[in-house]
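The structure under discussion appears below in the form of structure tokens.
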Amino acid sequence: MKKVDALIIGAGPAGSVCGYLLQKAGVSCLLVDHATFPRDKLCGGGLTPKCWKLLDELIPGIKYDYNSIRRIKLTVENIHSCAFDSAMELRLVKRKDFDNTLLETYKTIGGGFQRDGFLRYEETDNGLIVTLKSGEQIACRYLVGADGSTSAVRRQLTGLRDNGILVLEQYVEKSPENAIEVTLSKQYDVYGYFYRFPNNEFDAIGYGDLSTTIDKFRSILKKKCIQETKLRGCYIYLKNDYPLNDRIILIGDAGGFANRTTCEGIQAAFITARNAAEAIISDRPFREVNAPMFKKMERDNRFANFFFKKSTIGLLGQLCHFPRIIKWCFDRALRPS
């Protein structure tokens with residue numbers, strides 16, 4: 001039976017960065033994913049200044065393609081709108097290429113990768129035995145679930161099949177205006193917003209809320225005079241109310257760490273990947289190392305409940321007439337600490 005210190009399920013940003021940090025520290029690890037890379041990934045692909053600066057710290061000198069954006073357009077109820085330039089650039093990446101770059105970076109330092117799927121795990125006195133869909137069994141000290149919002153690792157850990165909120169997205173030709181566009185409305189359900197994120201090749205247009213439907217997305221496209229192309233969907237899990245296990249660690253979207261207001265998950269993927277690697281290297285409980293992130297999620301929940309109130313959306317509409325205030329709040333929220 002193959003034996004490793006850490007078995008990581010999922011080769012997205014969380015899994016690849018966690019594997020990279022473990023491999024650099026001399027911890028034996030294996031990254032497993034059912035997909036063939038490069039693989040497409042539904043996501044706006046936005047890297048905030050906090051996010052790309054953190055990546056530079058975790059993997060110094062990493063190179064990847066991105067579209068530099070400063071122009072932000074906010075629309076409320078299709079009536080109020082404002083536009084401003086952010087103090088620092090946001091980097092819009094094509095996830096198919098970005099994720100593959102992270103995986104290849106991990107592999108170039110000797111990291112092991114295997115194309116397979118997770119089936120189940122079994123806890124023993126000596127650690128864990130993981131069975132893959134191919135039937136192969138792998139013994140490990142730690143199992144890291146980095147397999148996204150529909151995480152099979154989390155499903156076995158919790159016994160629940162909740163996948164979170166549904167986001168629908170499509171690709172369209174690039175707009176002449178190189179800007180991020182966000183629309184909010186009292187008519188949208190909780191966590192609901194429409195977005196247009198331009199990367200180097202196309203614009204990703206999407207919508208999601210607690211009760212997303214195809215008809216609702218099509219209605220929004222029609223109101224914005226956007227032609228429907230090929231609709232795709234994915235889930236974003238936004239909960240941390242699962243049992244914690246010192247040997248089974250959930251990171252990134254698998255652990256529900258995406259931002260509660262914006263649903264941005266790449267920065268959280270990097271933070272929890274770093275914390276998981278630190279916990280494994282130092283043999284400390286993940287719940288201890290990741291405690292600040294769990295507390296941040298509690299604060300994010302409270303803020304999101306406030307932000308998506310109809311009264312708050314109405315106030316944002318009025319503030320659109322004072323773009324300097326919106327810009328100040330935006331820059332402050334994204335400024336690296």
Side-chain angles (χ1 to χ4, degrees), residues 6-22 29 31-34 41-43 50-51 54-55 58 95 99 102 117-118 120-121 123 128 130 140-167 191 208 234-282 284-304:
L7 178 62
I8 305 172
I9 308 298
S16 292
V17 170
C18 184
Y20 175 88
L21 296 174
L22 290 173
C29 59
L31 199 54
V32 173
D33 198 299
H34 64 84
K41 170 68 175 177
L42 189 152
C43 175
K50 289 182 178 180
C51 182
L54 175 59
L55 178 59
L58 297 177
R95 284 292 301 273
D99 290 13
L102 294 176
F118 170 84
R120 63 180 178 272
Y121 67 80
E123 296 185 76
L128 300 162
V130 176
C140 58
R141 291 196 303 123
Y142 292 93
L143 172 63
V144 180
D147 47 342
S149 290
T150 58
S151 170
V153 178
R154 187 186 71 242
R155 190 174 300 158
Q156 180 176 348
L157 181 65
T158 65
L160 303 175
R161 301 185 69 87
D162 180 17
N163 293 326
I165 69 171
L166 174 64
V167 176
Y191 302 118
C234 75
Y235 289 94
I236 301 178
Y237 190 71
L238 297 173
K239 298 178 182 179
N240 306 116
D241 56 351
Y242 43 81
L244 297 178
N245 186 308
D246 290 339
R247 298 296 172 182
I248 303 167
I249 300 172
L250 300 176
I251 61 177
D253 287 350
F257 291 106
N259 186 286
R260 301 305 194 246
T261 305
T262 65
C263 290
E264 191 271 328
I266 302 179
Q267 180 190 356
F270 294 156
I271 293 174
T272 53
R274 178 198 63 195
N275 292 346
E278 181 181 336
I280 293 170
I281 294 167
S282 62
R284 295 165 56 200
F286 178 70
R287 69 186 74 198
E288 175 186 309
V289 179
N290 199 58
M293 195 62 174
F294 284 118
K295 291 181 179 179
K296 179 182 182 299
M297 294 297 97
E298 294 177 1
R299 296 194 300 269
D300 283 359
N301 279 330
R302 291 193 293 269
F303 180 78

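Side-chain atoms of Cys29 and Leu7, non-hydrogen and from C-beta on, never get closer than 4.5 Å to each other. Proximity of Ile9 to Val144: side-chain heavy atoms (C-beta onward) are nowhere separated by under 4.5 Å. In this structure the side chain of Thr158 never reaches within 4.5 angstrom of the side chain of Asp241, judged on heavy atoms. With contacts defined as side-chain heavy-atom distances shorter than 4.5 Å, the pair Phe118/Val32 does not qualify. Taking 4.5 Å as the limit, some side-chain heavy atom of Val130 sits within range of a side-chain heavy atom of Cys140. The shortest side-chain heavy-atom distance between Ile251 and Phe286 falls under the 4.5 Å cut-off. Side-chain contact between Lys296 and Asn259 is present, with at least one heavy-atom pair separated by less than 4.5 Å. By the 4.5 Å heavy-atom criterion applied to side chains, Cys234 and Lys41 are not counted as neighbours.
Side-chain atoms of Asn240 never come within 3.5 Å of backbone atoms of Phe294 as a donor-acceptor pair (strictly under, hydrogens ignored). Of the possible donor and acceptor atoms, none in the side chain of Arg274 sits under 3.5 Å from a partner among the backbone N and O of Leu58. Judged purely by atom type and a 3.5 angstrom limit, Ser149 uses its side chain to pair as donor or acceptor with the backbone of Tyr235. Checking side-chain atoms of Arg247 against main-chain N and O of Tyr142 turns up no donor-acceptor pair under 3.5 Å. Checked by atom type and distance alone, the side chain of Asp253 never pairs as donor or acceptor with a backbone atom of Gly256 at under 3.5 Å. Looking at Glu264, its side chain never comes within 3.5 Å of a backbone N or O of Ala258 through a donor-acceptor pair.
Minimum interatomic distance between Lys50 and Gln267 (heavy atoms only, all atoms of both residues): CB-NE2, 3.6 Å. Here the closest non-hydrogen pair linking Asp99 and Gly12 is OD2-CA, 4.3 Å. Closest heavy-atom contact between Arg95 and Pro13: NH2-CD, 3.3 Å. Cys51 approaches Ile266 most closely through the heavy-atom pair SG-CG2, 3.8 Å. Between Leu21 and Ala277, the closest heavy-atom pair is CB-CB, 3.7 Å. In plain terms, the two heavy atoms of Ala254 and Ser151 that are nearest each other are CB-CB, 3.7 Å.
Separating the OH atom in Tyr191 from the OG1 atom in Thr262 is a distance of 12.0 Å, to the nearest 0.5 Å. Put simply, CG on Leu244 and CG on Asn290 are 9.0 Å apart, with the number rounded to the nearest 0.5 Å. To the nearest 0.5 Å, atom OG1 of residue Thr272 and atom CE of residue Met297 are 9.0 Å apart. Interatomic distance, CG of Leu160 versus NZ of Lys239, reported as 8.0 Å (0.5 Å rounding). Here the CZ atom belonging to Phe257 is positioned 6.5 Å from the CE atom belonging to Met293, to the nearest 0.5 angstrom.
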Next on the checklist: The test is side chain to side chain contact (heavy atoms under 4.5 Å, CB included); show your working for Tyr237 and Asn163 and say whether it passes.
Outcome noted: CA-CA 6 Å; Tyr237 190 71; Asn163 293 326; 5.7 Å; no
Checklist entry - Could you go step by step and tell me if Leu143 and Asn245 meet the side chain to side chain contact (heavy atoms under 4.5 Å, CB included) rule? => result CA-CA 10 Å; Leu143 172 63; Asn245 186 308; over 6 Å; no
Checklist entry - Can Arg260 and Phe303 be said to form a side chain to side chain contact (heavy atoms under 4.5 Å, CB included), step by step? => result CA-CA 8 Å; Arg260 301 305 194 246; Phe303 180 78; over 6 Å; no
Next on the checklist: I'd like to know whether Leu238 forms a side chain to side chain contact (heavy atoms under 4.5 Å, CB included) with Asn301, so could you lay out the CA-CA distance, the side-chain angles of the two residues, the decisive distance to 0.1 Å, and finally the verdict.
Outcome noted: CA-CA 9 Å; Leu238 297 173; Asn301 279 330; 5.9 Å; no
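Ion pairing between a basic and an acidic side chain is recognised when a charged N comes within 4.0 Å of a carboxylate O; Arg284 and Glu278 show such pairing.
Within a 6.0 Å sphere centred on CZ of Arg120, heavy atoms belonging to other residues, nucleotides or ligands number 12 at most.
The ring-ring contact (aromatic ring centres under 6.0 Å, His included) search around Phe270 returns none, not counting sequence neighbours.
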